[in-house]
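Source: prediction; values computed, not measured.
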Amino acid sequence: MRDLSQHILDLAQNSMTAGATLVIIRLCIEESGTLGMTIADNGRGMSEAVLHHAADPFVTTKQGRRIGLGLSLMQANAERAGGSMQVQSTEGAGTTLTVTMNRNHIDCLPLGDLEGTLLALSFANPSAEIRFEGSTAKGACVYDTRKVKQKSQEQNTSAARLMAAMQQELHQSLNSIFGGGTT
């Protein structure tokens, strides 16, 4: 994968496939250069046996697939950038993925199109909600599809206007701390 937004898209889609109705994505870039990313969900979670092999590319729980590269690629990219990856999961309760990287390391992937990724996730599975929490030295932002949808329902807006409202909310939120949707 060429950037972190592609990893976020893949891993959050995995959460939704695992029955998550809420996916929380946290991205923190510290002044020291440490990048921290967490993706937590309330999906089916993994058994202890599956969790033990979660980053193995030849172990997957998806039907009709023989390989699962999402976690193994994320782990490899984190380690190449001087970081690490941990996965915690409780069967029936959800999974939390935590990644750290050195943002200043030459092998650290760029963020990519974070705005486009979060917008795509917002509409990928209408029954799942997305919450993004970002922070940098410039400040913090929160994007939560539940709040945007609630405001749109109160105003009785169309699906097209809902999409436009989500895009505007994302753009303003991300621009305030990252200087735009991509970096």
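- Listed for the Gln168 side chain is no donor-acceptor partner under 3.5 Å among the backbone atoms of Ala164.
- No donor-acceptor distance shorter than 3.5 angstrom exists from the side chain of Asn102 to the backbone of Gly82, with no hydrogens or angles considered.
- If you chain together hydrophobic residues whose side chains sit under 4.5 Å apart, Leu22 and Val87 never meet in one group.
- Rounded to the nearest 0.5 Å, atoms OG1 (Thr96) and CD1 (Ile24) are 8.5 Å apart.
- Side-chain atoms of Thr117 and Glu115 form no donor-acceptor pair, as typed in the model, at a separation below 3.5 Å.
- In this structure, CD in Glu30 is found 7.5 Å from OG in Ser135, a value given to the nearest 0.5 Å.
- Closest non-hydrogen pair, Val23 versus Ala20, comes out as CG2-CB, 4.1 Å.
- With hydrogens and angles ignored, the 3.5 Å screen pairs no side-chain donor or acceptor of Arg103 with any backbone N or O of Ser32.
- A 4.5 Å side-chain heavy-atom check between Tyr143 and Met166 finds at least one atom pair inside the cut-off.
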Show your reasoning for whether side chain to side chain donor-acceptor pair (under 3.5 Å) applies to Gln86 and Ser84. CA-CA 7 Å; Gln86 292 83 39; Ser84 64; 3.0 Å; yes
Begin from the C-alpha positions of Leu27 and Glu133 and carry the test side chain to side chain contact (heavy atoms under 4.5 Å, CB included) through to its verdict. CA-CA 6 Å; Leu27 185 62; Glu133 302 169 4; over 6 Å; no
Could you give me the CA-CA distance, side-chain angles and deciding distance for Ile25 and Arg131, then say whether side chain to side chain contact (heavy atoms under 4.5 Å, CB included) is met? CA-CA 6 Å; Ile25 302 162; Arg131 179 177 173 88; over 6 Å; no
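- Met85 CE to Met37 CE: the interatomic distance, rounded to the nearest 0.5 Å, is 9.5 Å.
- Interatomic distance, Leu111 CG to Ile8 CD1, rounded to the nearest 0.5 Å: 7.0 Å.
- In terms of modelled atom types and a separation under 3.5 Å, the side chain of Thr90 and the main chain of Ala93 share no donor-acceptor contact.
- In this structure, the separation between CD on Glu169 and NZ on Lys147 is 9.0 Å, given to the nearest 0.5 Å.
- The closest side-chain donor-acceptor pair between Asn42 and Thr21 falls under 3.5 angstrom.
- Nearest heavy-atom pair, Gly70 versus Leu11, reported as atom, atom and distance to 0.1 Å: C-CD2, 4.0 Å.
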CA sep, side-chain torsions, deciding dist, call: His7, Asn77, side chain to side chain contact (heavy atoms under 4.5 Å, CB included): CA-CA 10 Å; His7 278 294; Asn77 282 323; 2.7 Å; yes
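- Of the possible donor and acceptor atoms, none in the side chain of Asp10 sits under 3.5 Å from a partner among the backbone N and O of Gln6.
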Stepwise, does the side chain to side chain contact (heavy atoms under 4.5 Å, CB included) test hold for Leu121 with Phe132? CA-CA 11 Å; Leu121 286 170; Phe132 173 79; over 6 Å; no
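- Side chain of Ser173 to backbone of Leu170: no donor-acceptor contact under 3.5 angstrom is found.
- Tested against Ser15 for a side chain to side chain donor-acceptor pair (under 3.5 Å), the candidates Asn125, Asp41, Thr95 yield a single pass: Asp41.
- Using a 3.5 Å distance cut-off with no hydrogens or angles, the side chains of Glu129 and Thr145 do pair a donor with an acceptor.
- The minimum heavy-atom distance linking Ala78 with Val99 is given by the pair CB-CG1, 3.7 Å.
- Looking at Ser89, its side chain does come within 3.5 Å of a backbone N or O of Met46 through a donor-acceptor pair.
- With values rounded to the nearest 0.5 angstrom, Cys108 atom SG is found 11.5 Å from Ile106 atom CD1.
- Closest approach of Phe123 to Met163, counting heavy atoms only: CZ-CA, 3.5 Å.
- Of the possible polar contacts, one joining the Ser5 side chain to the Asp113 backbone as a donor-acceptor pair under 3.5 Å is found.
- Of the possible donor and acceptor atoms, one in the side chain of Arg44 sits under 3.5 Å from a partner among the backbone N and O of Thr17.
- Scanning all heavy atoms of the two residues, the minimum distance from Met16 to Ala124 falls at SD-CB, 4.5 Å.
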